[in-house]
Amino acid sequence: MMSLDNYKTMDPFILLSAVNMQLRDEYCSLDDLCKAHDIDKDILVERLKSAGFEYVPEQNQFR
């Protein structure tokens, strides 16, 4: 599993891949992923939004 420790500075496309993989394989929600990795959800969502991706709760992934 890829570490999300540097999610604030990680390339957004690599971040997207890592987050979606973990959401698919390990976590049933974005909240669970953020809690497990001690990630600020707002920062993560904004980083991916700035690259054109939004979280879709029904699919539990960023698209």
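Remember, predicted model here, so these are calculated numbers, not experimental data. For the numbers below, each heavy atom of this structure counts, side chains included, while hydrogens, waters and symmetry mates do not.
In terms of heavy atoms, Met10 sits closest to Leu4 at CE-CA, 4.4 Å. The shortest heavy-atom contact between Phe62 and Asn20 is N-OD1, 2.7 Å.
Residues Leu48 and Phe13 share a single hydrophobic cluster, defined by chaining ILVMFWY side chains whose heavy atoms lie under 4.5 Å apart. At a threshold of 4.5 Å between side-chain heavy atoms, the hydrophobic network of Ile, Leu, Val, Met, Phe, Trp and Tyr places Leu44 and Met2 in one connected group. Linking ILVMFWY side-chain heavy atoms closer than 4.5 Å, directly or via other members, places Met21 and Val19 in two distinct hydrophobic clusters.
A 6.0 Å sphere centred on CG of Asn6 holds more than 12 heavy atoms belonging to other residues, nucleotides or ligands. More than 12 heavy atoms of other residues, nucleotides or ligands shown are found within 6.0 angstrom of CD on Glu46.
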If you apply the rule side-chain contact (heavy atoms from CB on, under 4.5 Å), what do you find for Gln22 with His37, and how did you get there? CA-CA 11 Å; Gln22 290 188 30; His37 289 278; 2.7 Å; yes
I would like to know whether Asn60 and Tyr55 meet side-chain hydrogen bond (donor to acceptor under 3.5 Å, both in side chains); could you show each step before the answer? CA-CA 7 Å; Asn60 195 32; Tyr55 181 65; 2.5 Å; yes
Go through it in stages, so that I can follow the logic: the residues are Asp5 and Ser3, the test is side-chain hydrogen bond (donor to acceptor under 3.5 Å, both in side chains), and I'd like the CA-CA distance, side-chain angles, deciding distance and then a yes or no. CA-CA 6 Å; Asp5 292 342; Ser3 172; 3.1 Å; yes
Mind running side-chain contact (heavy atoms from CB on, under 4.5 Å) on Gln61 and Phe53 for me, showing each step along the way? CA-CA 10 Å; Gln61 68 178 349; Phe53 303 103; over 6 Å; no
Checking Leu15 against Asp11 for the side-chain contact (heavy atoms from CB on, under 4.5 Å) test, could you report, in this order, the C-alpha distance in whole Å, the side-chain angles of both residues, the deciding distance, and whether it holds? CA-CA 6 Å; Leu15 179 60; Asp11 176 272; over 6 Å; no
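One distance of note links CG of Leu23 with CG of Leu30; it measures 6.0 Å at 0.5 Å rounding. We find the CG-OH distance between Asp32 and Tyr27 to be 8.5 Å, quoted to the nearest 0.5 Å.
Residues forming a side chain to side chain donor-acceptor pair (under 3.5 Å) with Glu26 (at least two apart in sequence, or on another chain): none. With sequence neighbours left out, the side-chain contact (heavy atoms from CB on, under 4.5 Å) criterion links Ile43 to Tyr7, Lys8, Asp40, Arg47.
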